[in-house]
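Presented below is the structure to which this report refers.
Each ligand, and each atom within it, is numbered from 1 in the order the structure gives.
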Amino acid sequence: MNCTDPATVPAVFGGRRPGAVLVTGAGGEVGHGLLAALHAEGRRDVVAIDVRPLEGEVASMCRERLVGDIRDVQMLERLLAAWEITEIYHLAALLSTRGEFTPETAHEVNVGGTLHLLRLAAEQARSHGRRVRFIFPSSIAVYGMGDLQTKRQHPRVREDEFLQPITMYGCNKLYAEHLGRYYAKHYRQLALDRVPDAIDFRCLRYPGLISADTLPAGGTSDFAPEMLHAAASGTPYRCFVSPGATIPFMTMPDAIEATLQLARAEEASLTRRVYNLSGFSASAGRIAELVRSFFPGASISFEADRQREAIVDSWPEDVDDDAARRDWGFAPRHGFHKAFSEYLVPRIRALHAGRSGVPA
Ligand code: SER
C-alpha cells in the first residue's frame, strides 16, 4: 500500500479529530465531478482515496489524498485514527466489462471493499457518536432481463423487478445494496453494545453515464461516450453493440447533482434506500445519428461483440425513476437532445479546440 506521508496526517488535539467527508474512487469519472461539486459547495474537508495519485485541479480540492486500495484494511484503520468521518461517497469499483476478465478480483474490490467501508462507517459512528451518511452508487447492471423479448415487454423497470444480473459487477452491486441495508438497520443486531441506526445508507442506481470531460474505463455502457469522444477527435469508431441496443443514460452533471440531492434529502421524505435514475433512453443507432448530426465527418461503424452486446441486452431499456422524482426531487436537466446540444457537444468542442491551440 502506498499512503500519504504520515507527517501529513492531522494531529489529534484533545482527543478530537478533524471532521471529514470521505470519497473513494476519487480519481474516476464520477469522482472528478463530485470533488468539483463538493468544492463548489464550499467543502474544504474532503479526504480522497484512489489507487492512482489524483492529478490536476481536483487534487487541490482535497484536504487529504490517499493513494491506496480500499481492500487495504490497515489504510482504512489509519483513516479511523486520523479523521472524524461523517459522510462517505463510496465510488470505487471495477466495472462490468473489466470484471468479466477477473471476476474474483472484482468481487474483492466491489464487495470486500464495500464491506470494509461499511465497517469503517460503523466504527466511526461508534467513536464520534454521530451517524455516518453512506452514499453508494449502484448500477443498472443489477438487472437481468432474461431475453430480448422480456426486455421489450418491460421497457420501464421498477427497483424491485428483474434482479437477476449476469455480470459479476451487477451481482456485486446488488449484494452491496443489501449489505448497506443490513449495516443501516441490522448490524450486530444481537450484540448488547450495538449502536442502532449508526449508518444512514442511501443508494442510487446510475444508468450509463456520459461525461464531456472524461472517458469511462472498463464499463459496458461505454459505447455511447466512446462514440462521441471519437467523433469529436476525428477518430473512426467501431461500436461493439448493434444499432438497436438500448439502455438508459444520464449526463455526468445530472448524475453528480442527483448524488448530492439524495445525500442532502430529508430522511423523512425517503421511502426507500435504493433509487433508480434515468436521464433518457436511447439506442446505439440513435446516438450514432445524433453524433453524426453534430460531427458530419464522423466515421462510426457497428461491429457487435456478441458477448458484450449480451450484457447490454440484459439491462432494461429504461427504468422507472418515479420514486426519486417524488421523494427527493430528482429532475435531470438533460433529455436526449439537450444532453448533446447543450452539454456534451459544446463542451467537447471547446476541449478539443483548446487542445489544438484553437480558441474555443
Ligand atoms: N457503466 C457501468 C458499466 O458499464 C454500468 O453501470 O459497467
Legend entry - Of all pairs that satisfy side-chain hydrogen bond (donor to acceptor under 3.5 Å, both in side chains), the ones with a partner from residues 282-292, not counting sequence neighbours: none
Inset, instruction - Go through the steps to decide whether R133 and T86 satisfy the test side chain to side chain donor-acceptor pair (under 3.5 Å), and finish with yes or no. - result: CA-CA 6 Å; R133 187 160 297 165; T86 49; over 6 Å; no
Inset, instruction - Classify the angle between the aromatic ring planes of Y187 and Y183 as parallel (below 30°), tilted (30 to 60°) or perpendicular (above 60°). - result: parallel
Inset, instruction - Please check if I348 and F294 belong to a single hydrophobic cluster, counting links between Ile, Leu, Val, Met, Phe, Trp and Tyr side chain heavy atoms closer than 4.5 Å. - result: yes
Inset, instruction - Verify whether one side chain among Y206 and T259 offers a donor that lies under 3.5 Å from an acceptor in the other. - result: yes
Any protein N or O within less than 3.5 Å of an N or O in ligand 1? List each pair with its distance, or say none.
residue	atom	partner	partner atom	Å
ligand 1	1 (N)	S221	OG	2.9
ligand 1	4 (O)	S96	OG	3.4
ligand 1	4 (O)	T220	N	2.5
ligand 1	4 (O)	S221	N	2.9
ligand 1	4 (O)	S221	OG	3.3
ligand 1	6 (O)	S139	OG	2.6
ligand 1	7 (O)	S96	N	3.0
ligand 1	7 (O)	S96	OG	2.6

Legend entry - Ion pair check, E317 and R156, cut-off under 4.0 Å: no
